[in-house]
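This report refers to the structure that appears directly beneath it.
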Amino acid sequence: MQIKDFSIPKTAGCYLFKDNKDQIIYVGKSKFLPKRVTSYFQKNHKDEKTIKLVTEIHNVDFISTESENEALVLEEDLIKLYKPKFNIKGKDDRTLRSKLVLTGGEWKKLELFYPKEQFEGEVLCEFTSGKLAHNIYNTIYDIFQLPSCNYNLTQSNIETGKFKPCLEWHMERCNAPCAALAKKIDHLMTIKLIKDIFQFNFSTSEKFFKKKMLYHSSQFEFELAQRAKINISLIQKIKLGLKPIMTIKSRNRCQEIKDLLKLKFIPTVIDAFDNSHLSGTDAVCGLVRFTLLEPDKSQWRKFNIKSGSGGDDYGSFKEVLTRRFTRLINEGVQLPNLVIIDGARPQLSVAREVLRTLNIFDKLDVISISKNDKHQANTIHLEDNRNIDIKNFTEFAHILNEVHRFSLDFHRKKRSKTMFK
């Protein structure tokens, strides 16, 4: 196998070597991916294992990270998940996972169970690192003040005053439902926010505490405002800790999408295009990039249509796609794995024609997505003439909505400037 430097992200991260059956055979990490990965193909190796590995490499995938430490955690999780045959470590009983579980009746509490411990409840997250699980467990309690005791918190026990607040309440790590000091509606909201966090939806908690911070500031309750501000920073800390888990979950979903749609490549990097104009005037095109199904806004681009084909959707796509991919090729920048065009099969044909002309048709997948009468993403059009309902691919509907919003916003700003010239 030959690999070109420009196809490797110039970041820290993990690399996943795959054989001719698309099976992951080795996972590694590096603080700078190009230097490490190219060394496999440039050196004369003496180690028999490495020589055999290199002869079996047919393809490689990359996952960028923000630091070498993050790459280290991700590498460990990937090895334990995929068990590549050339990785020795990570294939034993360390694959057992610690679990964060919501337990209890009306008043839930969060408990941490280590491998082989028995439990009843709702599993929120599994961890291959017990240390990470413990840190996130403690941080959740610092933020949300759930009960952690073994009291039997029935309504009758609470109403009869059977319990008194313990040290946890005095330390502000529990809001003492045992002594009727907590409201049930607040507890239900807390549980919702915690569940959102472990579904990787951090914005609801951040917005919740931001509102509290602003409210307490307006009431000159600066101590409470500061606590809300600290909670926002703690949520960011949890987000950072959960990032390797999020990455693996997103990667698994990308693999699932590849299999369901029978794509050639795993769509870890997706570029989506949408045109916008008013009766052919002020024509523009928007491009959004999603990496591992998350927006990569540093790579979002706006295009003015220069060819005078603003009212011609096909001509506009041809111009923009030609400009975009010619530049990527000339600059040696990584190509997307999947291109999404807002349109039906004719727009897809235009995209295929451009990719063929530029000799990159076999290096990525391309699809188009058309909309129904209500202007909602409806049908996925594939290269082999298959049409698939989008209902099982909500990520694509979200990406299409984002590129449409991005393109339309650019068009409106351009039209506004034209009107006031």
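Residue numbers start at 1 and run along the sequence shown.
- Relative ring orientation between Phe290 and His398 is described as perpendicular, the plane-to-plane angle rising above 60° on a 0-90° scale split at 30° and 60°.
- Centroid-to-centroid, the aromatic rings of Tyr137 and Tyr141 come within less than 6.0 Å.
- A salt bridge is defined here as a Lys NZ or Arg NE, NH1 or NH2 lying under 4.0 Å from an Asp or Glu carboxylate O, and Lys52 with Glu48 fails to meet this definition.
- The salt bridge (Lys or Arg N to Asp or Glu O under 4.0 Å) analysis of residues 191-214, with sequence neighbours excluded, yields the pairs Glu122-Lys195, Lys192-Asp196.
- Side-chain atoms of Asn252 and Glu256 include no donor-acceptor pair closer than 3.5 Å.
- Judged by distance alone, the side chains of Thr268 and Asn337 do bring a donor and an acceptor atom under 3.5 Å apart.
- For Glu106 and Lys184, the salt-bridge test passes: some basic side-chain N is under 4.0 Å from an acidic carboxylate O.
- At a threshold of 4.0 Å, the pair Asp409-Arg405 does not count as salt-bridged, since none of the basic side-chain nitrogens sits closer than that to a carboxylate oxygen.
- Under a 4.0 Å N-O distance rule, the pair Lys21/Asp19 does not qualify as a salt bridge.
- Side chain of Lys318 to backbone of Tyr314: no donor-acceptor contact under 3.5 angstrom is found.
- Side chains of Thr103 and Glu111: a donor-acceptor N/O pair is present below 3.5 angstrom, by distance only.
- Legend: residues meeting salt bridge (Lys or Arg N to Asp or Glu O under 4.0 Å) with Asp22, ordered by chain and number and at least two apart, are Lys18, Lys258.
- Glu294 has no carboxylate O lying under 4.0 Å from a charged side-chain N of Lys243, or vice versa, which leaves the two without a salt bridge.
- When only modelled atom types and interatomic distance are considered, Lys109 and Asn150 share a side-chain donor-acceptor pair under 3.5 Å.
- For Phe86 and Phe17, the distance between ring centers is not under 6.0 angstrom.
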